[in-house]
Amino acid sequence: MVKAQRFAPDARRENLLSFGRRYFGEHGYGESSLDELAKEAGVSKALLYHYFGGRRGYFLATLEELARRLEDTFNPPPELPFDEKLRTSLRAFCAVAQEDRGMFRTFLGGGLGADAEARMVVERVRAHAARALAKELGITRPSRKLRIALAGSVGYVESATLAWLGEGAKECEAHV
């Protein structure tokens, strides 16, 4: 259980999101209850309802937070040459996945199963990664075949990252 502390509202929400990523990463969505989440976070259920509207909202907010962090990895410094941009983005992606390995697995595994909103969050990150790669390649209107290839590249990065984490890699970004 986390010891309750006084936080400003924005800091409290960020603290709860950080806790939620760890908790859902370890326990998943299906194994959690709002009572258990509140107890382990050291807060009231009412506070979780206030910030997230309940367990599903809390889970989706943690997915969104991880999605934002993953999307940010695809914004390397523009002055770098292409190969360094790619390496920088891949290392940053791996670092985020490593930092939140349980939630990263949950993120790619769907978390809520057939939940359309959770799937949309994951697909948004995938589309963002594919667009960023196309942009760096100078492609503004990729053909259908190229869109499929870009999606496959993103899928490869996700699968390779999961494999590195599954192998117990201390730093998956060192493999990039």
Side-chain angles (χ1 to χ4, degrees), residues 1-2 11-34 36-37 40-41 48 51-77 84-136 148-176:
M1 182 168 95
V2 175
R12 166 62 74 196
R13 187 175 194 286
E14 291 305 312
N15 181 269
L16 288 170
L17 286 172
S18 178
F19 169 79
R21 286 192 320 270
R22 288 189 312 276
Y23 187 89
F24 288 121
E26 185 177 325
H27 301 283
Y29 179 76
E31 298 177 29
S32 63
S33 71
L34 197 59
E36 186 65 24
L37 281 163
E40 290 296 316
L48 292 179
Y51 281 106
F52 307 108
R55 180 176 68 129
R56 180 176 180 274
Y58 190 21
F59 180 76
L60 289 172
T62 63
L63 279 183
E64 282 289 348
E65 175 63 15
L66 182 58
R68 183 197 57 75
R69 292 174 62 224
L70 290 169
E71 286 172 335
D72 286 348
T73 67
F74 300 106
N75 299 314
E84 279 302 309
K85 285 180 181 180
L86 185 58
R87 193 173 293 111
T88 298
S89 289
L90 291 173
R91 284 183 176 151
F93 184 86
C94 283
V96 170
Q98 180 135 357
E99 182 181 324
D100 277 325
R101 47 175 81 217
M103 192 62 187
F104 182 74
R105 286 186 185 105
T106 299
F107 181 82
L108 292 180
L112 282 171
D115 186 274
E117 197 171 353
R119 275 195 330 271
M120 283 178 24
V121 172
V122 175
E123 290 306 317
R124 187 188 77 225
V125 173
R126 289 174 173 154
H128 178 81
R131 281 191 310 273
L133 182 55
K135 178 183 171 191
E136 289 304 324
I148 292 168
L150 291 167
S153 297
V154 172
Y156 170 77
V157 169
E158 291 173 352
S159 294
T161 302
L162 284 172
W164 287 327
L165 294 175
E167 294 288 324
K170 296 278 188 260
E171 297 179 16
C172 72
E173 65 269 20
H175 295 281
V176 176

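Remember, predicted model here, so these are calculated numbers, not experimental data.
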Visitor: Please identify each residue that fulfils salt bridge (Lys or Arg N to Asp or Glu O under 4.0 Å) with Glu123, with sequence neighbours left out.
Guide: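 Arg126.
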Visitor: Measuring from Arg105:CZ to Glu26:CD, what's the distance to the nearest 0.5 Å?
Guide: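 Arg105 CZ to Glu26 CD: 12.0 Å, rounded to 0.5 Å.
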Visitor: Taking all non-hydrogen atoms of both residues into account, name the closest pair between Leu165 and Ala97 and its distance.
Guide: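 Heavy atoms of Leu165 and Ala97 come nearest at CD1-O, 3.8 Å.
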Visitor: Can Phe104 and Val96 be said to form a side chain to side chain contact (heavy atoms under 4.5 Å, CB included), step by step?
Guide: CA-CA 8 Å; Phe104 182 74; Val96 170; over 6 Å; no
Visitor: Side chain to side chain contact (heavy atoms under 4.5 Å, CB included) between Asn15 and Arg12: does it pass, once the steps are laid out?
Guide: CA-CA 5 Å; Asn15 181 269; Arg12 166 62 74 196; 4.2 Å; yes
Visitor: Where is the tightest heavy-atom contact between Thr73 and Ser89, given as atom of each residue plus distance?
Guide: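 Taking Thr73 first and Ser89 second, the nearest heavy atoms are O-OG, 3.0 Å.
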Visitor: How many angstroms lie between atom NE2 of His27 and atom OG of Ser33, to the nearest 0.5 angstrom?
Guide: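 Answer for the NE2-OG pair, His27 versus Ser33, is 10.5 Å.
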Visitor: Name all residues meeting the side chain to side chain donor-acceptor pair (under 3.5 Å) criterion together with Glu136; count only those two or more places apart in sequence or in a different chain, and write none if there are none.
Guide: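 With neighbours one apart ignored, the set is Lys85.
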Visitor: Quick one: CG on Leu70 to OG1 on Thr161, what's the gap to the nearest 0.5 Å?
Guide: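 The distance works out to 9.5 Å.
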Visitor: Once side chain to side chain contact (heavy atoms under 4.5 Å, CB included) is applied, do any residues pair with Leu17, and if so which ones, sequence neighbours excluded?
Guide: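 Leu17 satisfies side chain to side chain contact (heavy atoms under 4.5 Å, CB included) with Arg13, Glu14, Arg21, Phe52, Ala61, Thr62, Glu65 only.
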Visitor: Could you tell me whether the side chain of Arg55 reaches within less than 4.5 Å of the side chain of Ser32, counting heavy atoms only?
Guide: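 A side-chain contact under 4.5 Å exists here.
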Visitor: Restricting to salt bridge (Lys or Arg N to Asp or Glu O under 4.0 Å), what partner residues turn up for Glu99, sequence neighbours left out?
Guide: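 So Glu99 forms a salt bridge (Lys or Arg N to Asp or Glu O under 4.0 Å) with Arg69.
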Visitor: What do the steps show when you test Phe24 against Leu63 for side chain to side chain contact (heavy atoms under 4.5 Å, CB included), and what is the final call?
Guide: CA-CA 10 Å; Phe24 288 121; Leu63 279 183; over 6 Å; no
Visitor: Which residues pass the ring pair (Phe, Tyr, Trp, His ring centres under 6.0 Å) test with Phe74, not counting sequence neighbours?
Guide: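 Checked Phe74 against ring pair (Phe, Tyr, Trp, His ring centres under 6.0 Å); matches are Phe93.
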Visitor: Give a yes or no answer on whether the side chain of Tyr29 reaches the backbone of Thr106 with a donor-acceptor pair at less than 3.5 Å.
Guide: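 Absent.
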Visitor: Listed by chain and number, what are the side chain to side chain donor-acceptor pair (under 3.5 Å) partners of Asp72, not counting sequence neighbours?
Guide: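 Partners of Asp72 under the side chain to side chain donor-acceptor pair (under 3.5 Å) test: Arg68.
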Visitor: Using 0.5 Å steps for rounding, measure from the CD atom of Glu31 to the CD atom of Glu36.
Guide: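 Result: 11.0 Å between the selected atoms.
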Visitor: Any chance you could lay out the side chain to side chain contact (heavy atoms under 4.5 Å, CB included) test for Val125 and Phe107, step after step, and finish with the verdict?
Guide: CA-CA 11 Å; Val125 173; Phe107 181 82; 3.8 Å; yes
Visitor: Using the salt bridge (Lys or Arg N to Asp or Glu O under 4.0 Å) criterion, which residues pair with Arg131? Sequence neighbours excluded.
Guide: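 Testing Arg131 for salt bridge (Lys or Arg N to Asp or Glu O under 4.0 Å), a comparison that skips the adjacent residues, returns none.
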Visitor: Once side chain to side chain contact (heavy atoms under 4.5 Å, CB included) is applied, do any residues pair with Ala130, and if so which ones, sequence neighbours excluded?
Guide: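 Per chain and number, Ala130 pairs via side chain to side chain contact (heavy atoms under 4.5 Å, CB included) with Leu150, Val154.
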Visitor: Partners of Ile148 by side chain to side chain contact (heavy atoms under 4.5 Å, CB included), sequence neighbours excluded?
Guide: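 Once residues adjacent in sequence are excluded, the partners of Ile148 under the side chain to side chain contact (heavy atoms under 4.5 Å, CB included) criterion are Arg144.
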Visitor: Mind checking what makes side chain to side chain donor-acceptor pair (under 3.5 Å) contact with Ser18, not counting sequence neighbours?
Guide: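 Testing Ser18 for side chain to side chain donor-acceptor pair (under 3.5 Å), a comparison that skips the adjacent residues, returns Arg22.
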Visitor: Name all residues meeting the side chain to side chain contact (heavy atoms under 4.5 Å, CB included) criterion together with Ser153; count only those two or more places apart in sequence or in a different chain, and write none if there are none.
Guide: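 Side chain to side chain contact (heavy atoms under 4.5 Å, CB included) check on Ser153 returns Leu133.
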Visitor: If you compare all heavy atoms of Arg124 against all heavy atoms of Ala67, which two are closest, and at what distance to 0.1 Å?
Guide: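 Of all heavy-atom pairs spanning Arg124 and Ala67, the closest is NH2-CB, 3.5 Å.
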